[in-house]
**Q** 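Sharing a structure below in structure tokens format, with a few things to ask.
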Amino acid sequence: MSDFPTKARVVVIGGGVVGASTLYHLGLKGWTDCVLLEKNELTAGSTWHAAGNVPTFSTSWSIMNMQRYSTELYARLEDEVDYPMTYHQTGSIRLAHTAERMQEFERACSMGRYQGIEMEIWTPEEAKAQYPFLEIHDLVGVLFDPSDGDIDPAQLTQALAKGARDMGQRIIRFCPATGVTQHDDDTWTVHTGKGDIACDIVVNAAGYYAQRVGEWFKPYGGRTVPMMVMSHQYLLTEQIPEVETWTKENGKKLPLIRDVDVSYYLRQEKGGYNLGPYEPSCRAHWTDVSDPMPDDFSFQLWQDDLDRIEDIVTDAMERVPLMATSGVSSVINGPIPYAPDGLPLMGPMPGVKNAFEACVFTFGIAQGGGAGKCMAEWIVDGSTEWDMWAVDPRRYTDYTDHDYCVAKGMETYGNEYAMHFPHHEWPAGRDQKLSPVHDRVIANGGVMGVYNGWERANWYAKDGDDTSLEATHTWNRSGPWQHRVKEECEAVRDGVGVLDLPGFSRFMVKGEGAAETLRGLVTGGLPKVGRMNLVYIANAQGRILTEMSCIRMGDDEFLMITAATAQWHDRDILMGAMPAPVTVEDVTTTRDTLIVTGPKSRDLMAGLTDADLSTGWLTHQAATVAGQPAYLIRVSFAGELGWEIHALNDHMPAIYDAVTAAGAKPFGMWALNALRLEKGYRAWKGDLSTDYSLLEGGLERFVKLDKPQDFPGKAAILAEKQQGVKKRFVTLVVDAGDADAPYMSCIWSGDEIVGETTSGGWGYRVNASIALGMVRADMATPGTKLEVEIYGQKCKAVVQEDQPLWDPENDRIRA
Ligand SMILES: Cc1cc2nc3c(=O)[nH]c(=O)nc-3n(C[C@H](O)[C@H](O)[C@H](O)COP(=O)(O)OP(=O)(O)OC[C@H]3O[C@@H](n4cnc5c(N)ncnc54)[C@H](O)[C@@H]3O)c2cc1C
């Protein structure tokens, strides 16, 4: 084939809606010399048979952003690329059967309005007025989303492809990629049956084949793509005269119904219905040798399996009895890929340079437009407009084996519309990574949560406490845990607490030039040998990429400690920045950490260690604790006198036993969260994210603009400093009701939204509901009276002084 492209800037593998959108958006950003490879015809994977629903609803800010962008793009795409497309914005009504569901709707509604989507809360009667065929006797309320709708997925993909081609991009159909080779300069050759293509960057957009394609990247640092494949069905009914008449009389389609408490959507399809359930008794495919994944499943479907969805179909017929008057005309049963949390993998490929993932989409039609925009930003700019951690492939690390992916995928599918309560931990796929003192934590009553696959105690139950999952089905602060969390915080305030923190991510960075390279990476200064600092890394826009504790062991030797969930994110940043002979070693799994903290921690430690306990805050030293070799760091995220004890896993049980025997009270992650909020300590990917610049985040004291090194973001920070920040980080004390402010609650001044919370919770030492957040710069003056909207309730809030609520002078930490 003479005009086969042998060179491209980017090769996108996969011609579904996501690959096509990525190619289109790369073109919009001026990268018009890219190639898309499709093994069959465009849309041959999941895209061709998708129902085409395009919701914006989400309780995740970034997912809502991505979906909102899709709706905006789809509304203009036909004209933008001159390709006819069927896109109906019918609006949708989401039905609530419980008060908790209404709270979820209120929260999404408020986020939606902040993004410019005019969502509304309706009474059941108002819904009935818009949808006369709906039974409403058992409903509590309804969320109306005017931007929801449906699109023809094949037309959408072809439109994006046309737009891309018109800009000069190449699409090669019936041309499977067969492998990749990475070269010494980190560029690639993508192999195909028709020839090789040399390129700078590769994107895995292979849909449900993404794991297979992902295997090719293993020699270059890659891992098994964490995913599995579910069978998903929808059925189409015959035409229903009443529906056709209604449409004729009203000149539009009926709004789409989502009965989320039952778990299905029901949409008008021509003059009949399309019913799509997410059934708890679901079916995974291609999970073992008895059901192998074929090499090619293009444009194929599975046999329909209506038994599985019978209960839901019956329910839908009771909700809209008109449905029962028609027969089923056809059933679509096709493959839909699932990552363990049901969100796509979108962003840098973990461990591999110049490679990206845009795959494993369960709602790829709704998200495809936004995904293309984000992917083009990742590839061209190195960062995205909105923080996209929720879908970043690096959120999963080494614990996502096959069984885990299958178990979580099935759990997520069966609970696709379930509410994600703040105190709820999903039960499937647990115990992937255990602390060396896990048995002791459990014996002490630990009620566990998952952090990057590691089991940590959220709180400690006593005999008789209700630890059931049902008890966590609430948005409220109170539950069986609340008194225990309070007791744990008080033990840290008055005595000594101990928290087992397995999976604290840690990296040894050493070798000649390590200090100089780090200075060129972080925004601030490095500690002296024997001391530790917090350091921040910014992206080119001066936004917050990450925060690490930097412990300096020698001139060119550093221990970098960071959040559990940040493990692969920060590993890739460090490894990408350190030239030989500097080495970066991930030593996360070989060690465990205890936080021993509280005003009596020095007394307790004195009986157990040969360390010098008089050294000041932010110092560190090697020592023995309970006769075991350990490393002590004088720091406490809880905001009291305290030490982190770091030790090899084998040594930790004896240390833990000695610390608890000496009287330290075990406390959990929920207490730690409450304690850190009172100190205004930011948490990663809540308070600290690429949605905000370091200056907006109030982190100027960690920025050294006068140092000679040109660290990432320096120019942007300098420019922002000259112009002045638009937003500022604040601590608010909130006159909250039963619930504290969740992430991304709107902050109001009168009738205007002036900011958003980044985290919230109850502070048991200050006895108040606290919210950390970002407000318009002119609203950040201490004493400013605002309101925080918590699940639909506007609660009075006051901006606090720019200092911790608890121990503002840090006297207790420095004691
Ligand atoms: C029954 C059903 C209904 C659905 N309804 C909706 C809905 O209403 N709304 C919604 O948002 N989502 C829906 N989905 C999900 C949606 O279909 C997917 O999320 C979306 O199509 C994923 O698009 P994609 O581009 O990521 O993957 P795909 O469409 O699967 O595209 C991947 C492409 O990669 C190609 N490929 C694979 N390997 C190679 C290779 N080696 N070389 C070259 N090409 C390769 C494949 O041939 C395929 O065309 C539904 C799914 C199902 C099963």
Side-chain angles (χ1 to χ4, degrees), residues 11-23 35-56 66-67 70 74 148-154 156-157 160 171-180 190-193 202-216 227 229-236 256 258 265 267 269 274 276-278 285 293 295-302 304 331-339 342-346 357-372 375 413 416:
V11 170
V12 178
I13 300 173
V17 63
V18 175
S21 182
T22 301
L23 193 73
V35 169
L36 183 148
L37 297 174
E38 166 52 49
K39 70 194 283 185
N40 194 283
E41 179 55 90
L42 291 178
T43 77
S46 288
T47 298
W48 71 277
H49 56 60
N53 303 324
V54 187
T56 59
M66 187 160 70
Q67 295 177 168
S70 292
Y74 301 167
D148 207 330
D150 60 272
I151 197 162
D152 182 316
L156 168 62
T157 310
L160 291 163
I171 295 176
I172 318 289
R173 297 170 301 130
F174 301 100
C175 182
T178 52
V180 296
V190 178
H191 309 289
T192 82
V202 186
V203 181
N204 178 356
Y208 55 75
Y209 298 96
Q211 198 172 67
R212 291 218 168 152
V213 170
E215 291 299 302
W216 305 336
M227 61 172 290
V229 178
M230 293 296 299
S231 131
H232 179 49
Q233 305 182 85
Y234 60 84
L235 61 84
L236 299 169
L256 182 149
R258 280 200 182 76
Y265 69 81
R267 170 164 75 70
E269 176 69 29
N274 170 334
Y278 289 89
H285 267 289
M293 184 177 181
D295 283 339
D296 191 4
F297 200 69
S298 301
F299 293 115
Q300 294 182 55
L301 294 172
W302 289 300
D304 50 81
V331 178
I332 303 289
N333 182 4
I336 189 165
Y338 265 75
L343 297 176
L345 302 174
M346 236 186 78
E357 286 175 342
C359 50
V360 198
F361 280 76
T362 63
F363 291 97
I365 311 306
Q367 295 167 354
M375 288 311 300
Y413 178 95
E416 188 56 71

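Keep in mind that this is a model prediction, so the values were computed, not measured. Order of appearance sets the numbers: ligands from 1, and atoms from 1 within every ligand.
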**Q** Does an N or O anywhere in Pro335 fall below 3.5 Å from an N or O of ligand 1?
**A**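 Between Pro335 and ligand 1, no N or O pair is found under 3.5 Å apart.
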
**Q** Which residue holds the protein heavy atom closest to atom 15 (C) of ligand 1, what is that atom called, and what is the gap in Å?
**A**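 In this structure, atom 15 (C) of ligand 1 has Thr362 O, 3.2 Å as its nearest protein heavy atom.
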
**Q** Is the shortest N/O to N/O distance between Pro176 and ligand 1 below 3.5 Å?
**A**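 No; the residue has no nitrogen or oxygen that sits under 3.5 Å from a nitrogen or oxygen of the ligand.
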
**Q** In terms of residue, atom name and distance, what is the protein heavy atom nearest to atom 48 (C) of ligand 1?
**A**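 Looking at atom 48 (C) of ligand 1, the protein heavy atom closest to it is Glu38 OE1, 3.4 Å.
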
**Q** What atoms of ligand 1 come closer than 4.0 angstrom to any heavy atom of Phe363?
**A** 10 (C), 11 (O), 12 (N), 19 (O)

**Q** If you count the atoms of ligand 1 from 1 in the order shown, which ones are under 4.0 Å from a heavy atom of Ala205?
**A** 32 (C), 34 (O)

**Q** Does some side-chain heavy atom of Gln211 sit less than 4.5 Å from a side-chain heavy atom of Met293?
**A**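 Side-chain contact under 4.5 Å: no.
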
**Q** Side chain, backbone, both or neither: which part of Trp48 comes within less than 4.0 Å of ligand 1 when only heavy atoms are counted?
**A**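 The answer is neither; Trp48 stays 4.0 Å or more away.
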
**Q** Relative to atom 27 (O) of ligand 1, which among Gly207, Gly276, Ser70 owns the nearest non-hydrogen atom?
**A** Gly207

**Q** Under 3.5 Å between some N or O of ligand 1 and some N or O of Ala366?
**A**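 N/O-N/O distance below 3.5 Å exists for this pair.
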
**Q** Please confirm whether Val213 comes within less than 3.5 Å of ligand 1 when only nitrogen or oxygen atoms on both sides are compared.
**A** no

**Q** So, do Tyr278 and His232 have ring centers that fall under 6.0 Å from each other?
**A** yes

**Q** Hey, is CZ on Arg173 packed in by over 12 heavy atoms from elsewhere, all under 6.0 Å?
**A**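 Not buried by this count: 12 neighbours or fewer within 6.0 Å.
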
**Q** For atom 26 (O) of ligand 1, which candidate among Val12, Val18, Asp150 holds the nearest heavy atom?
**A** Val18

**Q** Note the single closest protein heavy atom to atom 1 (C) of ligand 1, along with its residue, its atom name and the distance in Å.
**A**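 Atom 1 (C) of ligand 1 sits closest to the protein heavy atom His232 O, 3.3 Å.
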
**Q** Side-chain contact, heavy-atom cut-off 4.5 Å: Asp304 with Gln233?
**A** yes

**Q** Using side-chain heavy atoms (C-beta onward) and a distance below 4.5 Å, is Arg212 in contact with Asp295?
**A**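 Counting from C-beta outward, Arg212 and Asp295 do come under 4.5 Å.
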
**Q** Using distance alone, determine whether Thr47 and ligand 1 share an N or O pair under 3.5 Å.
**A**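 Yes; at least one N/O pair falls below 3.5 Å.
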
**Q** Is there side-chain contact between Pro335 and Trp302, with at least one heavy-atom pair below 4.5 Å?
**A** yes

**Q** Side chain or backbone, does Ala358 bring an N or O within less than 3.5 Å of an N or O on ligand 1?
**A** no

**Q** Work out whether the distance between some heavy atom of Leu37 and some atom of ligand 1 is less than 4.0 Å.
**A**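 Leu37: in contact with ligand 1 (<4.0 Å).
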
**Q** Would you check whether Trp216 reaches within less than 4.0 Å of ligand 1, judged by its heavy atoms?
**A**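 Flag set, Trp216 near ligand 1.
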
**Q** Any side-chain heavy atom of Trp48 sitting closer than 4.5 Å to one from Asn40?
**A**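 Counting from C-beta outward, Trp48 and Asn40 never come under 4.5 Å.
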
**Q** Is there a side-chain contact between Asn274 and Tyr265 in this structure, where contact means two heavy atoms from C-beta onward sitting under 4.5 Å apart?
**A** yes

**Q** Can a donor-acceptor pair be found, under 3.5 Å and without considering hydrogens, that links the side chain of Thr157 to the backbone of Gly16?
**A**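 No, Thr157 side chain to Gly16 backbone: no donor-acceptor pair under 3.5 Å.
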
**Q** Just distances here: any N/O of Gly52 and N/O of ligand 1 closer than 3.5 Å?
**A**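 Right, the criterion is met.
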
**Q** Heavy atom of Cys359 under 4.0 Å from ligand 1?
**A**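 Heavy atoms of Cys359 never come under 4.0 Å of ligand 1.
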
**Q** How long is the straight-line distance from CD of Gln300 back to CZ of Phe297, given to the nearest 0.5 Å?
**A**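 Between atom CZ of Phe297 and atom CD of Gln300 there are 5.0 Å.
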
**Q** Please state which protein non-hydrogen atom is closest to atom 28 (P) of ligand 1 and give its distance, to 0.1 Å?
**A** Ser46 N, 3.5 Å

**Q** Test your reading of the model: is there a side-chain donor-acceptor pair from Thr43 to the backbone of Ala154, 3.5 Å cut-off?
**A** no

**Q** With respect to Lys39, determine whether any N or O atom, backbone or side chain, lies less than 3.5 Å from an N or O atom of ligand 1.
**A**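 For ligand 1, there is an N or O atom that lies under 3.5 Å from one belonging to Lys39.
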
**Q** Looking at atom 42 (N) of ligand 1, what's its closest protein heavy atom, distance included?
**A** Ala177 N, 2.9 Å

**Q** Check Lys39 against Asp296 and note the closest heavy-atom contact, atom names and distance.
**A** CE-OD1, 4.0 Å

**Q** May I ask you to check if ligand 1 and Ile365 share an N or O to N or O distance below 3.5 Å?
**A** yes

**Q** Does ligand 1 come near enough to Thr43 that some N or O of the ligand is less than 3.5 Å from an N or O of the residue?
**A**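 In this structure, Thr43 places no N or O atom under 3.5 Å from an N or O of ligand 1.
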
**Q** What closest approach, in Å, do Gly52 and Ile365 show between heavy atoms, and which atom pair accounts for it?
**A**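 Closest heavy-atom pair between Gly52 and Ile365: CA-CG2, 4.0 Å.
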
